[in-house]
Amino acid sequence: MTAVPSGWPAGLAPELGDALRGLAGAPRLLVALDFDGTLAPVVDVPGEARALPEARDAVLRLLDTPGTRVALVSGRSLESLVEVSDPPAGVLLVGSHGIELRLDDAHDPVGLGAEELARLETLRGVLDGVAGAVEGAWVEAKPAGFALHTRLASAPDARRAHELALGELRDRLDGVTVRSGKDILEFSVRSATKGDALERLCAHTAADAVLYAGDDATDEDAFAVLRPDDVGIKVGPGPTVAAFRVADPAEAAVALVALAALRQPGRAVRNEN
Ligand SMILES: [Mg+2]
């Protein structure tokens, strides 16, 4: 048994402290964390985002604790997530809101099925045709689809490229997610959410209990798949289905530091029955 004083961890709501104490006793714990706005303060230049030092230290301590896995779950591409998070060995990674996964030795980040590959081929044919027909349009391969870029095209040509692509694909978009952005039309054959990713992570780690923390609307999909004894922490303002909330990444780091301390062998309250 532990000698944790009542009221500890300091600086956290007592209910969250209790919940963390409960998690600390799980034989196999998964700590799944969004990156931007959760571990790292949001910055103007996305490439300059870095985890708070306290948060990174807590992650390292958790990784060092038996029966504990840590995952980063981000909307960034896997490549970008690796760049900004410099993930310590043993961290599981989810990029592109669940489309890309790097789980231990599984280096097939997308792992498309036969139907998805067939859709990908259809997309490739149509979009290559559009890019060939419209000056300034070009196609970028994405983890599970393609982006049609028109930034270098004139406005009328850009419009024509988008119309051509959507027109040709109109009857073939079953199972394809289309996102329209500035000078870009994105097609993805995989529509994954952070909730799907969290379920994959739970299966992969055989976790008995999960902590998930995130700040954004897309994190709600992950909160929604948490089980009764799991702990969801919403970081910052906004509506949420998470049971707990902290103000900002600094306070999220306090929670992680507390969990790491509680989880240390000999410190945690464990039910050995
Ligand atoms: Mg975020």
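Just follow the structure's listing: the first ligand is 1, and inside any ligand the first atom is 1. All values derive from a computational prediction rather than experimental measurement.
Between Asp104 and His204, the side chains place a donor N or O and an acceptor N or O closer than 3.5 Å (distance only, hydrogens not considered).
No salt bridge links Asp215 with Lys234; every basic N to acidic carboxylate O contact stays at or beyond 4.0 Å. Salt-bridge formation is detected for the pair Asp208/Arg28: a Lys NZ or Arg NE/NH1/NH2 atom is positioned less than 4.0 Å from an Asp or Glu carboxylate oxygen. With respect to the salt-bridge test (charged N to carboxylate O, under 4.0 angstrom), the residues Asp36 and Arg50 do not qualify.
Inspection of the environment of the Mg ion (ligand 1) yields the following protein N, O or S atoms under 2.8 Å: Asp34 OD2, Asp36 O, Asp215 OD1.
Using modelled atom types, one side-chain atom of Asp230 and one backbone atom of Val210 make a donor-acceptor pair closer than 3.5 Å.
The stretch residues 158-178 participates, sequence neighbours left out, in these side chain to side chain donor-acceptor pair (under 3.5 Å) pairs: Thr150-His162.
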